[in-house]
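Below, all heavy atoms of this structure are taken into account, side chains as well, without hydrogens, waters or symmetry copies. Every chain is numbered from 1 and lettered A, B, ... according to where its sequence line falls, protein lines coming before strand lines. This structure is a prediction, so every number in the text was calculated from the model and none was measured.
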Amino acid sequence: MTGTFEKLRKYLDQKGVKYNELQHPAGESAEDYHRAVGCKWEEQGKCLLIKVKKDGQKAFYIYVLPADKKGNLDAVKNLLSVKEVKLATREELQVATGCDYGELSPLAGATGLRLIMDQSFLDQENIYMNAGDSTKSFVIKVKDLVEAEKPLILEILSNSTISHQSISDTQKPTPESGYSPADIEPKWQAVWEKEGTYRVDLTKAKNPYYNLMMFPYPSAEGLHVGNMYAFTAADVHGRFKALQGYDVFEPIGLDGFGIHSENFALKVGRRPEEHAAISEKNFYRQLHTIGCRYDWAHTLETYDPSYYKWTQWIFVQMFKAGLAYRGKSVVNFCPKCKTVLSDEQVIDGKCERCGTEVAKKEMEQWFFRITKYAQKLLDNLAKIDWSEKIKTTQENWIGRSEGINIKHKVKDLGIEFEVYDSIPQTFMAQTFIVIAPEHPLVEKLVKGTKYEKSVLDFVAKIKRKKKQKSFNIEKEKEGIFTGRYSEDYVGTGQNLPIWVAGFVIKEYGTGIVGSSAHDERDFAFAKQNNLPLKPVLFPKDKKMAEKVRKLEVFYREPDGILEEPAMFAGLRWDEARGPIINYLVKAGYAERVVNYHLRDWLISRQRYWGPPIPMIFCSQCAHEGRGEREEMPGWYCVSEAKLLVLLPKIDDYQPEGNGKGPLAKHPEFYKTTCPSGHPAVRETDVSDTFLDSAWYELRYPSVGSAEADKVPFNKALTQKWLPVDMYTGGAEHAVLHLMYFRFVTMVLHDLGYLEFDEPAKGFFAHGLLVKEGAKMSKSKGNVVTPDEYINRYGTDALRLYLMFMGPVSEGGDFRDFSMSGMRRWVDRVWRYFNAKLENPGKEDDGLLESNKLVIKATDDFPNRRYNTTISAMMIFINETINKQVGKRALKNFLVVLAPFAPHIAEEFYQRLLKVAAKSNVVHNSNTTNKPDLSNCPSSFRSIHLEPWPKVDKNLLKAEKVTVVVQVNGKTRATIEMEASKTAGKAGEKEAINRARRHPRVSKHLQGRSASKIIYLEGRLINFVVS
RNA sequence: GCCGUGGUGGCGGAACUGGCAGACGCGCAGGUCUCAAAAACCUGUGAGGAUAAAACCUCGUGUGGGUUCGAUUCCCACCCUCGGCACCA
């Protein structure tokens, strides 16, 4: 490496090129720098290569990466006054430059000069030149540089013949290592498939382990590297379990029904089912390449009629159990997707799928009564082994709140109503009542009074504002008096005025709130509307208390002291809660209630691409008050025998946003008869995509089974394999998918279909893989597909790279900088094994090292600390590369490697078996991409089904230990001792004596006496001196 | 505001249960080999000081306190990051 900064300076000086130096802010990494410069790493575009030979010495390469290819090309032509400039792809550049090594990005790893273009070659005067030192670079005028190098550049351009080579050519084995993932990976994938290495006999398996990962929805751009990150993490776990002797069932499928897929299909002008067919093919192709141990005999797609028939069946069960109902309410409506959304699907007031601002609309919709299960969803959290983070999030989302409903009666009208209060300690402070504008009671209160018009106008205004999203929830403290009073409030004889206020939420509690001086909102509302306030809680500080009394400040703290009612005076706010609730309940003024934040699951979607909701409505029956369920006259579910309700192929499948789905335009679909034979109509809405994925884990084992079209899930298989042992997925689904997933299982349990009431025993939340600090998304254009990287580095190296980034739970930042480093390591392993297998050591050689590795790995795997396992493997290679290593140690290493790099591990394990069998057959690595299975032995023994190595503890006993010697807690020396000699009194004495004699220690002990000596056997000695 | 998570070199990260801070890797620097590259291999790499060179010394895990022979780890207070929730009465 000669591309030093100073050399570059010298070069520029020599050429007379003017430059400025740019010092990068401290702490900026090369990545930060490149980002700042605005260069996109993943630019698929072409770049211009200029080779600059310098004074017969070393060569610099200048890479110009234009953002806008066409414009820049012309600019380059102009500058150089040439007719033609050829652009090369990165691969071509590699070939042309001979830089055919791991790091293929033209901007990274290139020796010598790097020239990075920001945006436009034409407009951008300055370019940044950075020579190896990422902390500073030169800022040079483009023209100056090109002018100085013109003769050379011209010469090079005229001479260089950039040949067109395909990507696969770049993967040709390098002569040094001979490692070619393009050869071995498809080869072993084919062998595993042929041998059924990952296929489990679902009925006979003795040790079942269901390893599930959240299936992807087939998006437009294909499987991205974030999916692969999650899948690899889950797969490593599954592979480890298999090595431990479990029969691991690891299925995969596609969540291809729903708005997201439909929106994309619409965008590209393709029919949803056509898009599904195309993306299915692509996804399964990609999923085959990422090296996971999928069971390809048990795939499912949610849009497959044989699947969604049973999604509809679940709807029917919900209806029969009284858990599906129609409700009219203000719902979230996405104007772009032209459909309603559940609360969970609205993020920051925007549509979860498309980011459009969500509007409020009053519509009648299908709901699932998930709130009925709120308590169970909460209680069961205690018995499942899910990550705490997810549990907490669910807990918060369910939002259980305990309190009381205080009884009220409207004066003169006699209407009774209740007011929810979760902090009733300050009930004596309540001086007025506020009611939500949407509350039905409002109309009754003002009917026929002089307040009627103004109140109803106010209500209309607030409704309008909320609809238009112009209701500022932070600031609005508007309200209006209804003219009514609550009579004799909790027996105090006081009448409290009833107001309508925009800030009250109709859906929470009773939609009516008792207001006091000890609630911030009420406080502000009262001040604005000149309502009385009566503080009853005061801080201990006299001055502060006076301020509270004068209503100068708002106050509510747990250590405040209550003054009223008299019987509780002197109690602290936090200790008064229980007694006060007891008092109010006993006196009959209130009753205990529990409220939840969780709302019912809005299930209908006015779209095309989903399972039609299997319901029929008969207006005649409705009129006569007949129906399948008493509370829902006119409604019948499609009988189980008549399922499936097939989604018809229609041409006008685009959503119109008129409150009805596209199916509503098709009488041939919706015209039917009710069970009594009257003409009736089918429901034309489809169900939410989250219903599709709320039960898929139940289906996987039964896919392809004899009665797959007769039952949603086979009873025996379900009993054997479920609940899921380990479920891996993203934390972002904590309140969406994971809540519905649990809910559906609970319902099916209560209906007697399942013996368990939780779908997954374990859940692991993987972190998010981001791209240079930003979330990968199509809109940002930074979605990375694994294909490209698999082509360049191989699946094994990519898997290792992803798992080495850090703990899987934390996610990571995908950058292609260090990936070449991992490929280098895989190359190193390749050479290592070639050498070791050629000349294996004695049986015990390397066993100590491999034992240490196995111990570390055994420890790390359950915690998914894969990064440290990989680190331990690197240490093993480093420690033994120049030593003799026996076959046992080699095998141990390969077993640990296998979950991460399944192909290379298999490759060398098979060679190892041959060596062990003293066979003279030398394995020829194929040079074609076609897998050659001819030399695959019939009695194929895959490394992936080998038992996890046992640790030989005797070996470790013989090892020397390092004892740390400290003086006053500061490490001054270390001494080596045999582990066996550090034990007991004798060991202590020996160790201390040796420590004292150590020059570095004695120096610090000189002239001072140790008042205390701490000895930890075999680990540490600490001399405490004054 | 509430709930949760985290803060360690140039970067990703490591450190068992309170016991050598910075494993492993990336990057960078120097070297070997090369006509020259690439690859490979070797060496160095927290900061500061000291020295001809070493040995060595001091500081250092967001900030300030505390507990301890000893603190990245435990306790208290604060600051910041990133998630999630939020007029929930």
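- rU73(B) and rG19(B) have their C1' atoms separated by 11 Å, with the value rounded to a whole Å.
- The side chain of T393(A) approaches rG84(B) more closely than any other nucleotide in the set rA89(B), rA40(B), rG84(B).
- Screening residues 798-811 of chain A for salt bridge (charged side-chain N to carboxylate O under 4.0 Å, His left out) gives D235(A)-R799(A) as the qualifying pairs, with residues at least two apart or on separate chains.
- Figure legend. rC78(B) is base-paired to rG62(B); pairs are counted as Watson-Crick or G-U wobble with both atom distances under 3.5 Å.
- Checking rA29(B) for Watson-Crick or G-U wobble geometry (two distances, each under 3.5 Å) identifies rU43(B) as its partner.
- Taking atom C1' on both nucleotides, rC74(B) is separated from rU67(B) by 8 Å, rounded to a whole Å.
- Checking rA23(B), rA86(B), rA89(B) against the side-chain heavy atoms of S871(A) singles out rA23(B) as nearest.
- Partner assigned to rC87(B) is none, using Watson-Crick or G-U wobble distances below 3.5 angstrom.
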Can you pull every protein N or O that's under 3.5 Å from an N or O on nucleotides 1-5 of chain B?
{"unit_1": "rC3(B)", "atom_1": "O2'", "unit_2": "N396(A)", "atom_2": "ND2", "d": "3.3"}

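- Nucleotide rG48(B) forms a pair with rC57(B), judged by Watson-Crick or G-U wobble geometry with both contacts under 3.5 Å.
- The nearest whole Å value for the distance from the CG atom in L800(A) to the C1' atom in rG12(B) is 15 Å.
- Here N867(A) does not reach the OP1 or OP2 of rA23(B): none of its side-chain N or O atoms lies under 4.0 Å away.
- rG18(B) and rA71(B) are spaced 6 Å apart, taking the C1' atom of each and rounding to whole Å.
- As rounded to whole Å, 14 Å separates atom C1' of rC26(B) from atom CD1 of I870(A).
- With the nearest nucleotide of RNA chain B identified for both N882(A) and D860(A), D860(A) has the one nearer the 5' end.
- Looking at the side chain of F804(A), the nearest of the listed nucleotides rG12(B), rC20(B), rA86(B) is rG12(B).
- Using P as the reference atom, rU45(B) and rG62(B) are 24 Å apart when rounded to the nearest Å.
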Discussion item. Applying ring-ring contact (aromatic ring centres under 6.0 Å, His included) to F833(A) and F893(A), what does each step give before you reach the verdict?
Written reply: CA-CA 11 Å; F833(A) 268 90; F893(A) 173 83; 5.7 Å; yes

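- Between rG46(B) and rC11(B), the distance separating the two P atoms is 13 Å to the nearest Å.
- If you take atom C1' in rA50(B) and the same atom in rC59(B), they sit 15 Å apart, rounded to whole Å.
- Going from atom CH2 of W825(A) over to atom P of rC41(B) covers 13 Å, rounded to whole Å.
- The side chain of R865(A) lies closest to rA14(B) when the candidates are rA14(B), rA55(B), rU58(B).
- Put simply, R828(A) has a side-chain N or O that comes within less than 4.0 Å of OP1 or OP2 on rC41(B).
- With distances taken from any side-chain atom of P807(A) to the nucleotides rG25(B), rG27(B), rG13(B), the minimum falls on rG13(B).
- Under the 3.5 Å distance criterion, the side-chain polar atoms of S486(A) are left unmatched by any main-chain donor or acceptor of L496(A).
- Judged purely by atom type and a 3.5 angstrom limit, R577(A) uses its side chain to pair as donor or acceptor with the backbone of S422(A).
- Here rG27(B) is the nucleotide among rC20(B), rA89(B), rG27(B) with the atom lying nearest to any side-chain atom of S820(A).
- Under the Watson-Crick and G-U wobble criteria, each requiring two contacts below 3.5 Å, nucleotide rC20(B) is left unpaired.
- With a 3.5 Å ceiling on both atom-pair distances, rU72(B) lacks any Watson-Crick or G-U wobble partner.
- In this structure, R824(A) atom CZ and rC41(B) atom C1' are separated by 13 Å, rounded to whole Å.
- Atom P of rU63(B) sits at a distance of 15 Å from the matching atom of rC80(B), rounded to the whole Å.
- Residue R521(A) has its side chain nearest to rC88(B) when only rA21(B), rC57(B), rC88(B) are considered.
- Between R1000(A) atom CZ and rC20(B) atom C1' the separation is 11 Å, expressed in whole Å.
- rG27(B) and rA39(B): their P atoms are spaced 10 Å apart (whole Å).
- Residue Y420(A) places none of its side-chain N or O atoms closer than 4.0 Å to OP1 or OP2 of rC88(B).
- Taking atom CD1 of I875(A) as the reference point, atom P of rA14(B) lies 13 Å away to the nearest angstrom.
- Taking atom OH of residue Y801(A) and atom C1' of nucleotide rC26(B), one finds them 9 Å apart after rounding to whole Å.
- The distance between atom CZ of R823(A) and atom C1' of rA38(B), rounded to the nearest whole Å, is 14 Å.
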Discussion item. Let's go through D827(A) and R831(A) carefully: what are the C-alpha distance in whole Å and the side-chain angles of both, what is the deciding distance for salt bridge (charged side-chain N to carboxylate O under 4.0 Å, His left out) to 0.1 Å, and is it a yes or a no?
Written reply: CA-CA 6 Å; D827(A) 271 327; R831(A) 288 192 307 269; 5.3 Å; no

Distances under 3.5 Å between protein N/O atoms and the N/O atoms of nucleotides 67-75 of chain B, please, pair by pair.
{"unit_1": "rC69(B)", "atom_1": "O2", "unit_2": "N1022(A)", "atom_2": "ND2", "d": "2.1"}

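- Each of T974(A) and P424(A) has a nearest nucleotide on RNA chain B; the 5'-most of these lies closest to T974(A).
- In this model, the phosphate group of rA21(B) is approached by a side-chain N or O of T971(A) to a distance below 4.0 Å at OP1 or OP2.
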